[in-house]
Structures are given as C-alpha cells and as structure tokens.
Amino acid sequence: MSDGAFSAALAMILSLDPEFLGIVGLSLQVSLVAVAIAAIIGMPAGALLAMKRFPGRAAVIVVVNALMGLPPVVAGLAVYLMLSRSGPLGSLGFLFTPTAMIVAQTILVLPIVIALTRQVIEDLWLEYRDHLTSLGQTGRAAIPTLLYDARFALAVALLAGFGRASAEVGAVFIVGGNIAGHTRTMTTAIALETSKGELVVALGLGIVLLALTFLINVFVFGASRVGRRYMGQA
C-alpha cells in the first residue's frame, strides 16, 4: 500500500463526498435501529430470564449464549428465506431493502443483549432481592428498577451489540444486495471496492469503520468505568 493511496483515502474522507457520506450514514442508521430494537426486546427478556425459574431455563440460557456467536451468513440466509418471494413474509417486499438489513442485524445483536442483560440483572437481583421484596417490588414489578440501576453496565451490552452490527458484512450482503445508493453499507462497499481494485475507496471506508470501532471501545471503557464508580467498586 503506497502513501499516495493512504493520502488519497484521507482526502476523500475530508472532501465529504455525498456518496461516501451516504454509505456511512446508511451503515449508522441500520446499525442504530437494529440495536434499538434489540434493546427494547432483549433487555426485558434478559431480565425475566435472570429472575424467573422455570423448567428448561438452563437450556434457554445455553441457547442464548450460543447464539451470541451465530455466524452472520447463517442469520442472513434465515432472513432471506423468510423474506424471499416463496417465504412466509415474502409479500411484505422487504428483501433487498434497509428494513431487511435491520432485521438481520437485530437477529445478530439480540442474543448479545439478552445474554449480557441476564448476567447483569441476575447478579443485581441477588444483591437487591430482599430490599426490593420489602418494598413490594417482586417479579416483573422489579424489572424497571433493576434495569435502571444497571444502566451503565447495560450500556456496555448495547455498545457491544452496536460493534457487532456495524462491523457485520455477511448477513447484510445476503439480504441487502449491496445496491448503490439504497442498501450499500461500509462493510459491503469495502468488499466490493476491494474486489474491483478500487483500494482508495475501500481504504477510506476502512479508516472510517476503524475510527468508529475505536470510538465504540472508548465508550465501552468509559461506560464500564462510570458504572463501577457509580456502584462504589472503583
């Protein structure tokens, strides 16, 4: 890789090219919406899994933990089969749209949010159970209080999910199709431009993606530090 290519990539980023910004913007939009949906579904589900005891609970936990490592191409294939013309949801016309990409990324992020929320809330419930029970907060009534108290630790879970979504390429490529100006994200664009030999564009998008990953890790580190300090552990 020559210095000229790196300089050209930096110049392209600083030029604020509309097409370049469109790709970055769509990537952020899809990832943020997927994480928001996963949070709405996954946090209450994780809290319930932490507090409730029922037959087969251990098996559910094992399955959720295993799905944290779900291969993106498998998730993409499953969504493709659901949204294809012959699939059960094919009539919705979501295939090769940002909506399909959001669905695929939500499937990838949801197990992470559920598993990490369960772990955090389970520890917190053991610590606060007697106190909350004395206040009449048992079962589902205690979930909002526990989620609020664990908000810093849960922020780490959400940021981890965002990191997974923003760096994903296999699933969004299968269900999005990498259509220019419509479903092209940073990761799919990097794969395409590299295959075409357009290394300047690929390098520019890679720099932005790397910077985004770095910022996510900074936020994760900061959130964990704030959380420990808030809980009196630092």
Side-chain angles (χ1 to χ4, degrees), residues 30-79 81-82 88-89 101-168 170-171 216-217 219-228 230-233:
V30 169
S31 298
L32 288 172
V33 173
V35 171
I37 295 173
I40 293 172
I41 300 172
M43 286 187 173
L48 278 174
L49 190 57
M51 299 169 62
K52 292 293 184 181
R53 297 295 182 270
F54 55 88
R57 176 176 176 272
V60 173
I61 292 174
V62 170
V63 170
V64 171
N65 290 343
L67 289 176
M68 292 176 67
L70 178 67
V73 290
V74 175
L77 177 61
V79 175
L81 293 175
M82 286 192 300
L89 302 178
M101 298 157 67
I102 291 171
V103 173
Q105 290 201 353
T106 300
I107 291 175
L108 293 173
V109 175
L110 188 58
I112 296 175
V113 176
I114 293 176
L116 296 182
T117 300
R118 181 200 64 79
Q119 186 61 59
V120 170
I121 297 300
E122 192 168 88
D123 294 341
L124 207 59
W125 176 238
L126 291 175
E127 182 179 351
Y128 290 177
R129 178 170 52 192
D130 293 340
H131 178 65
L132 292 176
T133 301
S134 67
L135 297 175
Q137 293 188 355
T138 58
R140 295 180 181 178
I143 289 178
T145 301
L146 292 171
L147 289 177
Y148 178 78
D149 211 61
R151 59 191 181 280
F152 295 110
L154 294 179
V156 176
L158 294 182
L159 290 170
F162 181 74
R164 162 91 157 167
S166 62
E168 201 286 314
I216 290 171
N217 279 276
F219 281 125
V220 169
F221 180 77
S224 62
R225 288 290 298 270
V226 171
R228 285 199 297 269
Y230 177 78
M231 299 297 291
Q233 298 175 354

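We count residues from 1, following the sequence as given.
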Contacts of type side-chain hydrogen bond (donor to acceptor under 3.5 Å, both in side chains), residue S31, not counting sequence neighbours: Q105
Set of side-chain hydrogen bond (donor to acceptor under 3.5 Å, both in side chains) partners for R57, sequence neighbours left out: E122
Between side-chain atoms of residues 153-165 and protein atoms elsewhere (two or more places apart, or another chain), which donor-acceptor pairs fall under 3.5 Å?
| residue | atom | partner | partner atom | Å |
| --- | --- | --- | --- | --- |
| R164 | NH2 | L70 | O | 2.5 |

Sequence-distant partners of N65, side-chain hydrogen bond (donor to acceptor under 3.5 Å, both in side chains), two or more places apart: none
For the student: nearest non-hydrogen atoms of G170 and V73, plus distance: CA-CG1, 4.1 Å
Residue pair P72 / A171: nearest heavy atoms and the distance that separates them: O-CB, 3.2 Å
R129 backbone acceptor or donor facing E127 side chain under 3.5 Å: no
CA sep, side-chain torsions, deciding dist, call: L110, V64, side chain to side chain contact (heavy atoms under 4.5 Å, CB included): CA-CA 9 Å; L110 188 58; V64 171; over 6 Å; no
Rounded distance (nearest 0.5 Å) linking atom CD1 of I121 with atom CG of D149: 8.5 Å
For the student: nearest non-hydrogen atoms of Y148 and R151, plus distance: O-NH1, 2.8 Å
Residue pairs passing the side-chain hydrogen bond (donor to acceptor under 3.5 Å, both in side chains) test where at least one lies in residues 34-51, sequence neighbours excluded: none
Heavy-atom closest contact (A38 atom, V109 atom, distance): CB-CG1, 3.7 Å
Interatomic distance, L116 atom CG to M43 atom CE [nearest 0.5 angstrom]: 9.5 Å
CA sep, side-chain torsions, deciding dist, call: L132, W125, side chain to side chain contact (heavy atoms under 4.5 Å, CB included): CA-CA 9 Å; L132 292 176; W125 176 238; 3.9 Å; yes
Exercise: identify the closest heavy-atom pair between T117 and A47: CG2-N, 3.8 Å
Nearest atoms (heavy-atom pairs only) where A142 meets M51: CB-CE, 3.9 Å
Value rounded to 0.5 Å, distance of CG in L81 from CG in L89: 11.5 Å
Residues forming a side-chain hydrogen bond (donor to acceptor under 3.5 Å, both in side chains) with T145, sequence neighbours excluded: Q137
